[in-house]
Amino acid sequence: MIDTDLLREKVSIRFSFFGVNKQQELSRLVFEITLREQVKVEAVLLSIPIEQKSFPRIKEALVRRRFTDLTARGILVEESFSMVDIDPANTVLLQPAPSFYPKRVYIEDDAKRSSLADRAERLFPLATFLSITSYKEKTKEISLDIKAYNRRTEDLFIVHEKHDFYKKCPCSPGVVGCGYHNANLGVGCPFECSYCFLQNYTNAHGVVLPANIEDFFTAFKGYDQGVRVGSGELTDSLVFDHITEFSPRIVEFFRSRPKSIFEFKTKSINIEKLLSLQGVSNIVVSWSLNPQVFIDREEHFTASLKDRLHAANRCARHGYRTAFHFDPIVPFKGWEDEYSKVVDLLFENVPADSIAWISLGMLRMTQRQKKVIENRFPGNTILSGEMLIGEDGKLRYHDSVRRDVYQKMLDLLKKRCSKDTYVYLCMESRSIWDVLKTAF
Ligand code: SF4
């Protein structure tokens, strides 16, 4: 791990003729080059000619080295670079794979007599159980940081949800929406994907599960019918299913509403409750897919690719439809072969006619998320890619890279997909969506 205090100090000595802001920008570039090339800080610093003391020239030399592919394509990289500041105490411990067992279970007064509260008592006899008036009240005084986020699975909150049962999927400005609706059936996840956007929510005080799923059903009846709805926005839809037992109730509710579709989105293989009843075609069980080498590096504690596909096969044979999300796609060295193998494995293991949809989305993140990732996962391999700040303020690969990657992925998929499988891009602009027109 790079000692960023030391790095900043070395940069300030080498570039002592610049002010603090310029030194900060250079520190960020030197840091990212050092990581990307796996070389020593000194090697980068000493390779930069400083005789002319020209900030634009020095920055340009570093930018060219940090963004080799983009600059080789003639793409201008004109951003300002933010300070680098990494606290080693923020690193996530990545071994051994824990099973979820909270130390404390907080139960809101209104959720006290719920079946979920009873089950939690049976499943976690060693935990301390505490009554609270409300989650909001209990947590309002607590200020959280990355270290506290790393300990989030120590606390389980069982709550009585009163608002926010459903909301339209929040697209970024300028991207094509997919008409999705999110059911707020939990917050928090015990997996550790390095890119997880939940890390942005370092104000989440633990895992939060609602005890009153019947109120979600009531709210849905007065809600827009004929929608696509899912519960995987702020949690993994199935990872807690052995605790919540939501899936059988959701399946039964949607069985009599065939115009609407409910999606369970997961990286787990926690499907036993789903398999305890007959499947139905408007329930879609979906997995995100990535090459195993990427899962090993970046999706800690999740199920392996083979296990995900095996679980998908079981769900398909049981009467559910399946779906797959190639998201986030990361074009690492050798990615084409690796993703091609994933597509082969997918269609060898899962019947093509069970697949309701396949989405593609490339890695994207807010700038704040990047800072959290580099603190929590200093060994990550995703941040050395050449991402720039897009129109929506998020870091993304350049348009030309995204088009190229999507085109190649679509070429792989179109040979294998059934004609009824809907293929779409997640969080992409109209101009990028155009690659789909020629693909299918
Ligand atoms: S499975 Fe999803 S919610 Fe859980 S850590 Fe990974 S990205 Fe985040």
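Start at 1 and go down the list; that is how both ligands and their atoms are numbered. Quantities reported herein were computed from a predicted structural model and do not represent experimental measurements. We number each residue from 1, following the sequence as shown.
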Can you tell me the protein heavy atom closest to [atom] and the distance?
atom	answer
atom 8 (Fe) of ligand 1	Cys196 SG, 2.3 Å
atom 6 (Fe) of ligand 1	Cys193 SG, 2.3 Å
atom 2 (Fe) of ligand 1	Lys267 NZ, 3.6 Å

Query raised in the report: Which pair of heavy atoms, one from Ser304 and one from Ile295, lies closest together, and at what distance?
Result: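 Heavy-atom minimum between the residues: C-CD1, 4.5 Å.
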Query raised in the report: Within the side chain of Asp307, is there an N or O that forms a donor-acceptor pair under 3.5 Å with the backbone of Ala303?
Result: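 No.
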Report task. Return yes if some donor-acceptor pair links the side-chain N/O of Arg257 with the main-chain N/O of Phe253 below 3.5 Å, else return no. Result ->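 Indeed, once roles are kept as given, a pair shorter than 3.5 Å links the two residues.
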Report task. Could you tell me whether any N, O or S atom belonging to Cys189 is less than 2.8 Å from atom 4 (Fe) of ligand 1? Result ->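 Checking atom 4 (Fe) of ligand 1 against Cys189, an N, O or S atom does fall under 2.8 Å.
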Query raised in the report: Can a cation-pi geometry be assigned to Arg152 and Tyr149, taking NZ or CZ under 6.0 Å from the six-membered ring centre and within 45° of the ring axis?
Result: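 Yes, cation above the ring, under 6.0 Å and within 45°.
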Query raised in the report: Under 6.0 Å from the six-membered ring centre of Phe216 and within 45° of its axis: does the NZ or CZ of Lys162 meet both?
Result: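 Negative - Lys162 is either too far from the ring of Phe216 or too far off its axis.
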Query - Sub-4.0 Å atoms of ligand 1 with respect to non-hydrogen atoms of Phe191 - result: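 Listed by number with element: 1 (S), 4 (Fe), 5 (S).
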Query raised in the report: So is Leu198 close enough to ligand 1, meaning a heavy atom under 4.0 angstrom away?
Result: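 Flag set, Leu198 near ligand 1.
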